[in-house]
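The figures here come from the full heavy-atom set of this structure, side chains too, leaving out hydrogens, waters and symmetry mates. Naming convention: chains lettered A, B, ... in sequence-line order (proteins, then strands); numbering from 1 in each chain.
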2 protein chains.
Amino acid sequence: MSVTREKILELGENLIRTKGYNAFSYQDISSELGIKNAAVHYYFPSKENLGTSIVKTNIQRFEEMVDNMVNRKFNEWQQLETFIKIYVKSYREHKKCLVGSLSPDYNTLNETTKVELKKMIEMILKWLTELLDRGRNNEVFAFKDAPDSKALIIFSSLVASLQLTGIMEKIDYKCLQQSILDDLKP
Amino acid sequence: MSVTREKILELGENLIRTKGYNAFSYQDISSELGIKNAAVHYYFPSKENLGTSIVKTNIQRFEEMVDNMVNRKFNEWQQLETFIKIYVKSYREHKKCLVGSLSPDYNTLNETTKVELKKMIEMILKWLTELLDRGRNNEVFAFKDAPDSKALIIFSSLVASLQLTGIMEKIDYKCLQQSILDDLKP
DNA sequence: AAATATACTTACTAATTAGTAAGTAAAAAA
DNA sequence: TTTTTTACTTACTAATTAGTAAGTATATTT
């Protein structure tokens with residue numbers, strides 16, 4: 001695959017995660033890469049196309065991460081820790097996560113982008129729900145709620161806290177991360 | 001105060017909460033109210049001005065809600081329930097909350113709007129932290145974490161879940177609400 | 001060596017955006 | 001009754017937006 005194409009995808013993702021979908025333009029990308037507006041359209045004919053590709057790339061990344069953890073025979077606790085680390089990394093890089101950045105703009109997205117975003121959220125929640133359920137059965141986790149409720153609360157906490165830490169510097173994300181894990185200790 | 005001015009504030013808030021700050025325009029407001037673009041500028045010279053006024057209105061609403069609960073001598077449990085009800089109402093109306101809608105766009109907001117949004121989040125977290133702390137001392141709530149961590153988790157869950165329910169219709173917001181409350185039962 | 005595909009640029013369009021300056025009709029104040 | 005204020009409209013501007021059509025230099029294939 002083309003280097004420019006990959007740079008556009010990466011820059012586009014960063015722009016969504018720092019400015020939001022409706023605030024970034026093809027000009028933002030072209031000027032940053034030192035190419036012309038039309039060159040971006042050469043790789044991604046429309047913004048719909050680019051947005052959808054960015055979400056698809058993220059879905060793939062998530063699938064690869066899960067595959068990798070299964071191959072390395074991570075237990076449930078290790079898997080949850082690895083997942084949370086993604087958000088801690090975003091926090092350090094002063095970026096929101098893609099889901100948190102795109103969700104408020106959902107109504108303004110094109111159909112194909114909506115479909116992929118929905119798919120991505122479904123995938124994460126399904127994986128997290130099953131992880132929590134399995135982990136509780138194996139006595140790696142302990143919690144009262146239904147696994148799907150717990151998954152939603154954990155995912156929501158990670159997503160929204162990331163948004164809030166971008167505004168309130170005093171919030172300690174690592175502390176929050178520890179809180180989530182402590183809460184699941186048997 | 002002018003009726004048109006109040007209609008603009010209300011419509012503007014709804015537009016932020018359904019489309020996002022950078023996707024709504026003065027045209028959206030003027031055409032909906034059957035007035036001209038320039039009439040909106042008459043009341044709110046700039047979008048910065050309108051955005052800031054909308055956040056200020058919401059701060060005032062929050063302060064009034066707290067005052068009202070104190071006057072009616074609500075205990076900590078009742079106060080938390082009342083607070084959560086705001087989000088359940090938003091859920092039923094298919095709207096996100098203002099904080100969740102504006103936070104991802106924070107970097108694109110004007111200084112004055114940033115200041116007010118930060119003030120609003122600070123206010124809510126401070127109130128919730130103190131409520132949880134007081135409630136635990138009075139044995140109305142039970143939880144292990146530090147009150148500020150718990151406040152952040154609860155607030156984040158409410159904000160982000162509201163965003164996710166707008167995408168995944170199968171998520172049961174009332175169930176989540178119950179989970180949050182159950183988790184605090186002594 | 002000729003044909004073709006790749007990776008762009010040049011130069012543009014049509015629509016939308018926030019914002020403004022000047023005018024106006026009706027109500028309120030003097 | 002005149003003046004002033006309120007609440008707009010008309011008519012516009014300058015900037016930015018996504019997107020396109022046609023051209024071009026370079027690399028690759030035939």
Side-chain angles (χ1 to χ4, degrees), chain A residues 1-16 18-56 101-102 104-114 116-117, chain B residues 1-16 18-56 101-102 104-114 116-117:
Chain A
M1 227 201 280
S2 156
V3 176
T4 306
R5 199 190 127 96
E6 288 193 349
K7 277 185 185 167
I8 294 170
L9 276 173
E10 197 194 324
L11 229 173
E13 186 186 321
N14 284 338
L15 285 165
I16 291 175
T18 50
K19 301 178 72 174
Y21 185 80
N22 289 306
F24 96 88
S25 73
Y26 269 40
Q27 245 71 12
D28 288 336
I29 292 176
S30 60
S31 64
E32 177 75 31
L33 295 184
I35 56 179
K36 297 295 157 184
N37 171 26
V40 186
H41 281 282
Y42 170 71
Y43 290 103
F44 302 97
S46 67
K47 203 176 175 181
E48 162 170 16
N49 199 294
L50 175 57
T52 306
S53 298
I54 289 169
V55 182
K56 275 185 173 163
S101 299
L102 286 178
D105 297 331
Y106 188 74
N107 293 324
T108 72
L109 300 176
N110 299 99
E111 263 325 300
T112 59
T113 315
K114 278 184 183 172
E116 290 305 314
L117 181 58
Chain B
M1 228 200 278
S2 153
V3 176
T4 305
R5 198 189 128 95
E6 288 194 347
K7 277 185 185 169
I8 294 170
L9 277 173
E10 198 193 324
L11 230 172
E13 186 186 321
N14 284 338
L15 285 164
I16 291 175
T18 50
K19 300 179 72 174
Y21 184 79
N22 290 305
F24 95 87
S25 73
Y26 270 40
Q27 245 72 9
D28 288 337
I29 292 175
S30 60
S31 63
E32 177 75 31
L33 295 183
I35 55 179
K36 297 295 159 185
N37 171 25
V40 186
H41 281 282
Y42 171 74
Y43 290 101
F44 302 96
S46 67
K47 204 178 174 180
E48 162 171 16
N49 197 295
L50 176 57
T52 306
S53 297
I54 289 169
V55 182
K56 276 186 173 164
S101 298
L102 287 178
D105 298 331
Y106 187 74
N107 294 324
T108 72
L109 300 176
N110 299 98
E111 264 325 301
T112 59
T113 315
K114 278 184 182 171
E116 290 305 314
L117 181 58

Legend entry - B/Ser31: side chain to side chain contact (heavy atoms under 4.5 Å, CB included) partners, not counting sequence neighbours: none
Inset, instruction - Taking side chain to side chain contact (heavy atoms under 4.5 Å, CB included) as the test, write out the residues that go with B/Ala23, two or more places apart. - result: A/Asn22, A/Thr108, B/Lys19
Inset, instruction - Kindly write out the residues that satisfy side chain to side chain contact (heavy atoms under 4.5 Å, CB included) with B/Asn107, not counting sequence neighbours, or none if the list is empty. - result: A/Thr18, A/Lys96
Legend entry - Distance test, side-chain N/O of B/Ser2 to OP1/OP2 of D/dT6, below 4.0 Å: no
Inset, instruction - Please list, chain by chain and in numerical order, all residues satisfying salt bridge (Lys or Arg N to Asp or Glu O under 4.0 Å) with B/Lys47, sequence neighbours excluded. - result: none
Legend entry - side chain to side chain contact (heavy atoms under 4.5 Å, CB included) against A/Thr52, all qualifying residues, sequence neighbours excluded: A/Glu48, A/Lys56, A/Thr112, A/Thr113, A/Glu116
Inset, instruction - May I ask you to evaluate whether A/Thr4 reaches the phosphate of C/dC8, defined as a side-chain N or O under 4.0 Å from OP1 or OP2? - result: yes
Legend entry - Under 4.0 Å protein heavy-atom contact, by nucleotide of nucleotides 9-29 of chain D - B base, S sugar-phosphate only: BB------SSBB---------
